[in-house]
Structure formats: structure tokens, C-alpha cells
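Below is one structure, written out as C-alpha cells; the observations come after it.
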Amino acid sequence: MFVHLGINTFTDREWGDGTEDPALFDPAGLDARQWARVAREAGFGTLVLTAKHHDGFCLWPTATTRHSVAASPWRDGAGDVVREAAQACAAEGVRFGVYCSPWDRNAPAYGSGRAYDDLWLAQLTELLTGYGPIAQVWFDGAVGETERGRQVYDWERVFTTVRALQPDAVIFSDAGPDVRWVGNEDGVAGTTTWSTIDPTSVPTPGRHDPWTLDALRHGDPDGSVWRPAETDVSIRPGWFWHPDEQPRDAAALFELYLTSVGRGSKLLLNVPPTRDGLLDAADVAALRAFAAHRRAVLGTDLLADAAATTDDGGGLVLTPATPVRADLLGLAEDITEGQHVAAWRAQADHGDGVWRPLASGTTIGHRRLVRVPPTDVHRLRLVVDLAYGPARVTDVSLHLDEGGELRRRPDAHD
């Protein structure tokens with residue numbers, strides 16, 4: 001779960017310009033324990049907080065600038081959102097992560113090169129040494145022009161600092177080094193998604209040319225580094241809370257799950273707190289309904305009691321004790337041994353002994369979920385037509401999404 005809270009929450013903007021008065025920040029009812037509790041109940045493993053966005057306003061009392069919660073009326077200037085969030089996550093058993101924007105529209109040193117890098121790294125050092133274990137450090141490539149020029153970040157120094165201070169933290173950015181961006185903010189991973197990538201194709205964060213975005217989206221079966229894709233998207237149209245916006249409903253959230261996790265990616269869903277510092281009741285209701293629907297559909301494998309055999313053509317045949325009706329196919333690969341499957345197809349026997357096409361695809365990875373037409377299945381056959389190594393398929397499942405949307409999302413493109 002991504003949590004966007006900041007000065008923009010109170011100005012009704014998405015990007016602040018750095019001139020905002022810290023006195024505007026006053027989430028009087030802030031309850032980070034509610035955020036962490038909802039995250040846990042909805043099945044999220046990690047909560048990532050926007051400790052600083054592009055406007056430069058810091059949610060902790062940093063020694064690097066006065067543009068922070070220390071200059072706000074919240075908690076009489078003695079508050080620390082980062083600390084409250086870290087403690088709430090620890091109490092609820094949720095991992096904690098931070099985002100500290102590289103772009104800072106408030107810092108006078110921004111655009112000066114080394115001097116700004118020093119300031120930004122001082123902020124990162126505070127975040128990575130004062131709040132316990134950090135599970136993920138999240139970076140984008142946001143950059144802006146100033147009268148001093150365009151800031152060029154020393155990414156090697158940044159990544160080295162994170163490694164030294166939080167060696168167990170997963171580092172996310174366009175260029176990894178651990179997890180990569182999927183190349184869009186629509187909640188849609190590529191229908192072909194390799195967890196490996198050629199690092200020279202995405203050398204630094206912030207490159208948004210078409211060939212870089214294509215590399216991020218699809219990865220590379222011959223890539224030399226394991227750098228899985230993470231799909232970030234917001235539950236609302238904006239990233240910060242706006243009173244005139246409404247969240248996606250449970251059905252839409254389930255579709256996002258299918259086009260992110262269901263395509264071998266990770267899902268990072270943003271849920272922004274209101275000006276009171278609480279997750280909006282409508283968002284919470286949608287998350288709970290999403291979790292319930294996800295568990296109901298994916299928690300029941302209609303092939304759980306199926307007998308497995310291998311036919312003469314090398315296909316895996318699964319025969320359930322009694323015929324089942326399904327509209328969702330699930331596959332999984334043993335990624336501890338790498339990702340190898342490059343082309344697969346599933347066929348169904350409707351009871352007449354004839355194999356008919358049900359679904360086909362390219363990559364599988366840690367999870368593949370594919371909607372299929374509602375089908376009565378007496379037997380299911382999985383054939384791997386191309387693999388770059390041993391095809392270690394560890395899971396083949398069928399599910400029924402009763403009452404679910406059997407449509408293909410308009411933006412669920414390759």
C-alpha cells in the first residue's frame with residue numbers, strides 16, 4: 001500500500017511548488033494505526049509512506065530544512081508522521097517503507113549538483129537510521145529545471161547509502177537495483193513480463209523514452225539481472241486525497257490485481273488519507289470488499305482434488321473428481337530456480353474427449369491469472385510450447401468469479 005499524505009492534501013493539488021505555508025498541514029485526527037490495520041486486513045504486506053514529495057515538505061522534523069511538520073500546527077509542531085507510521089506498522093505486523101522524492105521544489109540548493117545531493121542524502125540518512133527496519137526505499141526519477149540548471153542525481157551514491165544503512169531494504173526505481181517500475185501508472189503490467197532485464201536498457205531512473213518504457217514493461221528473458229516489475233496505481237484518480245474524487249470499487253480493484261499480480265508483477269496500490277489524517281471510509285469499504293472478493297475467488301481452487309497425469313505429447317492433464325465450471329485460470333512457476341516459460345496454452349475437455357483451446361500466453365512467473373469464458377471443464381491440459389530452461393510449473397488452478405466482471409479492461413493492453 002502506498003500512502004500519499006502531505007501539503008498537497010490541504011491545497012487540493014497533485015504537485016506543490018514548494019512555496020506552501022507549513023501552517024496548512026494539520027491532520028488533526030491522524031491515526032497511522034488505522035492505515036496499518038486496514039493494510040493488514042486487506043492483505044497488504046508493506047506500507048510505503050511519502051515522507052517527502054516534490055514540494056519538499058517533510059513529514060518528519062528534519063534537521064535539513066524548516067519546511068517540515070516542525071513548522072506546522074499539527075501536534076503543536078512536535079509531531080512526526082514517519083515515526084507514527086513506522087510504529088503503527090510494527091504494531092500491526094506490516095512492513096514499513098519510505099519514499100523521499102529526489103525532486104525538491106523548496107530547497108534552494110536544488111539544481112546545484114553535489115550540494116543538493118548532500119542535502120537529499122542527509123534526509124535519506126535521517127529516514128534510514130531513525131525509524132527502525134525499512135523494508136522498501138522507493139524512488140522515482142522526478143527531476144526539474146531551475147535557474148541553476150537541471151539537477152543530475154548521483155544515483156550510485158544514493159543506492160550505496162541505502163545499502164549501507166538498510167542492507168535488507170528492497171530498492172525500487174526505474175533502474176532498480178532490486179525492483180523496477182512497470183513503465184506506467186495505469187495498474188497494467190505487460191502480458192509478457194520477465195522478471196529479468198538487461199540493466200543497460202534502463203541505466204538510470206527518469207528515462208521515459210518509448211524503448212526504455214518497453215524494456216521496463218516486458219523485461220528480457222536474456223537479462224543478466226533479476227529485477228521484477230512493480231505496478232503502482234492509485235485507488236483514486238489522483239495520488240493525494242481530493243474531496244471531489246471517489247475510489248475504484250471492488251470489481252475494478254480485482255481487475256487491477258489481475259493485470260498486475262496476475263501478470264507476474266507486484267501491485268503497489270495508493271490509498272491517500274484525508275485532511276483528518278484518516279483513510280476515507282469509502283476507500284476502506286472498497287479495500288475490504290476487494291479483499292473479500294479476492295479471497296473468495298482465489299481461495300477456492302476447483303482443481304484441488306484433481307488427478308494429474310502426463311500425456312504422450314508432454315502436456316500436463318488434470319482431471320477433477322467431478323466436472324467444474326470456471327472462468328479464471330491460475331498458473332505459477334518456481335521462480336526460486338528462475339523464470340523460464342515463454343509460451344504456454346491451456347485446453348479443456350468439455351466431456352466429449354475433444355481438447356479445445358481455453359487460453360494461451362507467454363510468460364508465467366510467480367503468478368499468472370487469466371480470465372477465460374465460463375467453461376465446463378471435465379479435464380484441463382496445460383502444454384508448454386517454449387521455455388528457456390526447465391519448465392517448473394508449480395501450480396495450475398481454476399476458479400469461478402461468480403458475479404464478477406467478465407470483461408477485458410479497455411486499458412489492459414500489452
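Computed over heavy atoms, backbone and side chain alike; hydrogens, waters and symmetry mates excluded. Throughout, numbering of the chain's residues begins at 1 and tracks the sequence.
Proximity of the aromatic rings of Phe139 and Tyr99 is defined here by a centroid distance below 6.0 angstrom, and this criterion is not met.
Between the Thr50 side chain and the His53 main chain, no donor and acceptor come within less than 3.5 Å of each other. Checking side-chain atoms of Gln339 against main-chain N and O of Ser195 turns up a donor-acceptor pair under 3.5 Å. Without hydrogens or angle criteria, Gln166 side chain to Gly132 main chain gives a donor-acceptor distance under 3.5 Å. Side-chain N or O atoms of Thr363 include one that pairs as donor or acceptor with a backbone N or O of Thr193 at under 3.5 Å. The backbone N or O of Asp220 lies less than 3.5 Å from a partner atom in the side chain of Thr196, making a donor-acceptor pair. Put simply, the side chain of Glu230 never gets that close to the backbone of Leu268: no donor and acceptor are under 3.5 Å apart. A distance-only check finds no donor-acceptor pair linking the side chain of Asp174 to the backbone of Trp181 [under 3.5 Å]. Side-chain N or O atoms of Thr9 include none that pairs as donor or acceptor with a backbone N or O of Leu5 at under 3.5 Å. Remark: the backbone N or O of Glu255 is paired with a side-chain donor or acceptor of Thr259 at under 3.5 angstrom. A side-chain donor-acceptor contact under 3.5 Å links Thr375 to the backbone of Pro373.
Between His340 and Pro390, some side-chain heavy-atom pair lies under the 4.5 Å cut-off. The shortest side-chain heavy-atom distance between Val38 and Leu287 falls under the 4.5 Å cut-off. Side-chain contact between Leu331 and Val341 is absent, with no heavy atoms from C-beta onward closer than 4.5 Å. The side-chain heavy atoms of Trp60 and Ser68, taken from C-beta on, include no pair separated by under 4.5 Å. Residues Lys266 and Val179 fail the side-chain proximity criterion, which asks for heavy atoms closer than 4.5 Å. Looking only at side-chain heavy atoms (C-beta outward), Arg157 and Arg114 come within less than 4.5 Å of each other. Using a 4.5 Å heavy-atom threshold, the side chains of Trp138 and Asp232 count as touching. Counting only heavy atoms from C-beta outward, the side chains of Leu318 and Val377 never approach each other to under 4.5 Å.
The minimum heavy-atom distance between Arg217 and Ala189, with the atom names listed, is NH2-O, 3.8 Å.
A donor atom on one side chain and an acceptor atom on the other are found under 3.5 Å apart for Asn270 and His4. Between the side chains of Thr64 and Gln123, at least one donor N or O lies within less than 3.5 Å of an accepting N or O.
A salt bridge links Arg371 with Asp401; the closest basic N to acidic carboxylate O contact falls under 4.0 Å. Look at Arg345 and Asp385 and you find a salt bridge, because one of the NZ, NE, NH1 or NH2 atoms lies within 4.0 Å of a carboxylate O, short of that distance. A salt bridge links Arg236 with Asp280: the distance from a Lys NZ or Arg NE/NH1/NH2 to an Asp or Glu carboxylate oxygen falls below 4.0 Å. At a threshold of 4.0 Å, the pair Arg367-Asp395 counts as salt-bridged, since one of the basic side-chain nitrogens sits closer than that to a carboxylate oxygen. Ion pairing between Glu333 and Arg392 fails under the 4.0 Å rule for side-chain N and carboxylate O. Using a 4.0 Å cut-off between a side-chain N of Lys or Arg and a carboxylate O of Asp or Glu, Arg325 and Glu402 do not qualify as a salt bridge.
Tested against Trp15, the residues Trp239, Phe240, Phe57, Trp103 include a single ring pair (Phe, Tyr, Trp, His ring centres under 6.0 Å) partner, Trp103. Screening Glu84, Glu92, Gln87 against Arg33 for a side-chain hydrogen bond (donor to acceptor under 3.5 Å, both in side chains) leaves a single residue, Glu92. Only one option out of Gln151, Lys52, His54 pairs with Asp104 in a side-chain hydrogen bond (donor to acceptor under 3.5 Å, both in side chains); it is Lys52.
Here the straight-line distance linking atom CG of Asp117 with atom OG1 of Thr161 works out to 9.5 Å at 0.5 Å rounding. Considering CG of Leu279 and OG1 of Thr274, their distance stands at 8.0 Å, rounded to 0.5 Å.
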Practice item. Kindly determine whether Ser260 and Thr231 satisfy side chain to side chain donor-acceptor pair (under 3.5 Å), including the steps that lead there. Key: CA-CA 6 Å; Ser260 56; Thr231 302; 5.3 Å; no
Practice item. Any chance you could lay out the side chain to side chain donor-acceptor pair (under 3.5 Å) test for Glu126 and Thr62, step after step, and finish with the verdict? Key: CA-CA 7 Å; Glu126 291 177 347; Thr62 174; 2.7 Å; yes
Practice item. Evaluate the criterion side chain to side chain donor-acceptor pair (under 3.5 Å) for residue pair Glu20 and His67; output intermediate values, then yes/no. Key: CA-CA 9 Å; Glu20 295 85 1; His67 198 56; 4.5 Å; no
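Taking the ring axis of Phe44 as reference, the NZ or CZ atom of Arg40 does not stay both within 45° of it and closer than 6.0 Å to the ring centre. A cation-pi arrangement, defined by a distance under 6.0 Å to the six-membered ring centre and an angle within 45 degrees of its axis, is present between Arg294 and Tyr257.
By the 30° and 60° cut-offs, the orientation of the rings of Trp120 relative to Tyr116 is parallel.
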